K.L.:
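Sharing a structure here in structure tokens format.
Just so you know, ligand 1 is whichever comes first in the structure, and atom 1 is the first atom listed for that ligand. It should be emphasised that the depicted structure is a prediction, and the values quoted were computed from it without experimental measurement.
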Amino acid sequence: MSGKTASRKTSRPALVPRHVAVVMDGNGRWATRRLLPRTAGHKFGADALKRLVRGCVQQGVQYLTVFAFSSENWKRPVEEVSALMELFVQALQRETPDLTAQGVSLRFLGDREPLNERMRELMVQAESTVVEPARLRLNVALNYGGRWDIVQAARAAQTAGVELTEESLGRYMCLADIPEPDLLIRTGGEHRVSNFLLWQLAYTEFYFSETLWPDFDEQTLAHAIADFARRERRFGRVSDKAAPADPAGLRVA
Ligand code: FPP
């Protein structure tokens, strides 16, 4: 089935996050607990990513950004890095047609320079596959770091000679053309951001799960979304339920 013939029907209740970002953590521990090499955890992690994509399409999420490989992950043992790179190449070759059929468009963020040529070619190929209209836009962060993103944006703004403001710099950040993430999910029980989307997460709601990434499924996603639906997002304002401020009371005597 081509992207064009894929059903475009989605049920999207009002409280479904438009953009979900995910730190897929726990592959290594999942494998170690089963006396398997860490790389086996990454392989099963790739299956969990497919379940996440399916779940997002079903739930009506429009944008999904996943952290596949951070700028710091090069510090892992060379065998693990090579296995991960090979897994990315295989996944790109194998999964792109199926993603297109589901109405999922692909895009990558991060520094491509150190990646091998085959990988870079496959990335360009996957990104140029037209999926219109896309049911889900999947962004894969690969050799990405939030600090790298801020620096590349600052350099681009400087080259363009624009005056630096929050708004002007924001235009050069990765993913500047889509809404910022509404919900960040991190699996694996750790409560940190690990240099992911530092700029873009300013007002994102965080959801931490003890689930190790290879065990992630549509139900875990549904729990995260249900939890998100109960949050009150204030963006620095006070609650709608709070009494309005009395301007007279705020005056300095
Ligand atoms: C973190 O778990 C996971 C990674 C660094 C790799 C993420 C990659 C995948 C989920 C594979 C599929 C991705 C694509 C794009 C095909 P960890 O190894 O740090 O786990 P640990 O904390 O238990 O050691």
K.L.:
I'd like to check which ligand 1 atoms, numbered from 1 as shown, lie under 4.0 Å from a non-hydrogen atom of Ala91.
P.N.:
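Listed by number with element, the hits are 16 (C).
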K.L.:
Check ring pair (Phe, Tyr, Trp, His ring centres under 6.0 Å) between Phe44 and all other residues, then give those that pass, not counting sequence neighbours.
P.N.:
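Ring pair (Phe, Tyr, Trp, His ring centres under 6.0 Å) list for Phe44, sorted by chain: Trp30.
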K.L.:
Do Asn73 and ligand 1 have an N or O pair less than 3.5 Å apart?
P.N.:
no
K.L.:
Answer yes or no: is there a donor N or O on one side and an acceptor on the other, between the side chain of Thr96 and the main chain of Gln93, under 3.5 Å?
P.N.:
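It does not hold such a pair.
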K.L.:
Identify the closest protein heavy atom to atom 9 (C) of ligand 1: which residue and atom is it, and at what distance?
P.N.:
Asn27 ND2, 3.7 Å
K.L.:
Indicate whether any N or O donor in one side chain lies under 3.5 Å from an N or O acceptor in the other, for Arg147 and Ser71.
P.N.:
no
K.L.:
Which residues pass the ring pair (Phe, Tyr, Trp, His ring centres under 6.0 Å) test with Phe69, not counting sequence neighbours?
P.N.:
Trp74
K.L.:
List the closest protein heavy-atom neighbour of atom 12 (C) of ligand 1: residue, atom name, distance to the nearest 0.1 Å.
P.N.:
Ala46 CA, 3.6 Å
K.L.:
Please list, in number order, the atoms of ligand 1 under 4.0 Å from a heavy atom of Leu49.
P.N.:
13 (C), 14 (C), 15 (C)
K.L.:
Against ligand 1, does Gly188 come closer than 4.0 Å with any heavy atom?
P.N.:
no
K.L.:
Considering the heavy atoms of Met24, write down every atom of ligand 1 situated less than 4.0 Å from one of them.
P.N.:
1 (C), 2 (O), 3 (C), 10 (C)
K.L.:
Counting heavy atoms only, name the option from Val22, Asp25, Val66 that's nearest to atom 2 (O) of ligand 1.
P.N.:
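Selected option, by shortest heavy-atom distance: Asp25.
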K.L.:
Only heavy atoms count here, so choose which of Arg33, His42, Lys50, Glu95 is nearest to atom 11 (C) of ligand 1.
P.N.:
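Residue with the shortest heavy-atom distance to the ligand atom: His42.
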K.L.:
Heavy-atom contacts with Trp213 under 4.0 Å: which atoms of ligand 1 show up? List them by number with element.
P.N.:
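The list of qualifying atoms is 10 (C).
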K.L.:
Gly28 versus ligand 1: do any nitrogen or oxygen atoms come within less than 3.5 Å of each other?
P.N.:
yes
K.L.:
Going by heavy-atom distance to atom 18 (O) of ligand 1, choose the closest among Arg29, Arg76, Glu190.
P.N.:
Arg76
K.L.:
In ligand 1, which numbered atoms sit nearer than 4.0 Å to a non-hydrogen atom of Ala68?
P.N.:
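Taking each heavy atom of Ala68 in turn, ligand 1 has 6 (C), 7 (C), 8 (C), 15 (C) under 4.0 Å.
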K.L.:
Do Leu92 and Val53 belong to the same hydrophobic cluster, where Ile, Leu, Val, Met, Phe, Trp and Tyr are linked whenever their side-chain heavy atoms lie under 4.5 Å apart, directly or via other members?
P.N.:
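Yes, one cluster joins them.
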K.L.:
Who's the nearest protein heavy-atom neighbour of atom 13 (C) of ligand 1, and how far?
P.N.:
Phe88 CE2, 3.7 Å
K.L.:
Could you check whether any side-chain N or O of Gln59 sits under 3.5 Å from a backbone N or O of Cys56, counting only pairs where one atom can act as donor and the other as acceptor?
P.N.:
no
K.L.:
Could you tell me whether a side-chain N or O of Glu127 sits under 3.5 Å from a main-chain N or O of Phe108, the two making a donor and an acceptor?
P.N.:
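Yes.
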K.L.:
Test side chain to side chain donor-acceptor pair (under 3.5 Å) on Tyr63 and Asn139; report intermediate values, then the result.
P.N.:
CA-CA 8 Å; Tyr63 306 94; Asn139 309 302; over 6 Å; no
K.L.:
So does Lys50 pair up with Asp98, basic N to acidic O under 4.0 Å?
P.N.:
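The answer is no: the pair does not qualify as a salt bridge.
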K.L.:
Less than 4.0 Å is my threshold; does some heavy atom of Arg38 fall inside it relative to ligand 1?
P.N.:
yes
K.L.:
Answer yes or no: is there a donor N or O on one side and an acceptor on the other, between the side chain of Arg186 and the main chain of Arg192, under 3.5 Å?
P.N.:
yes
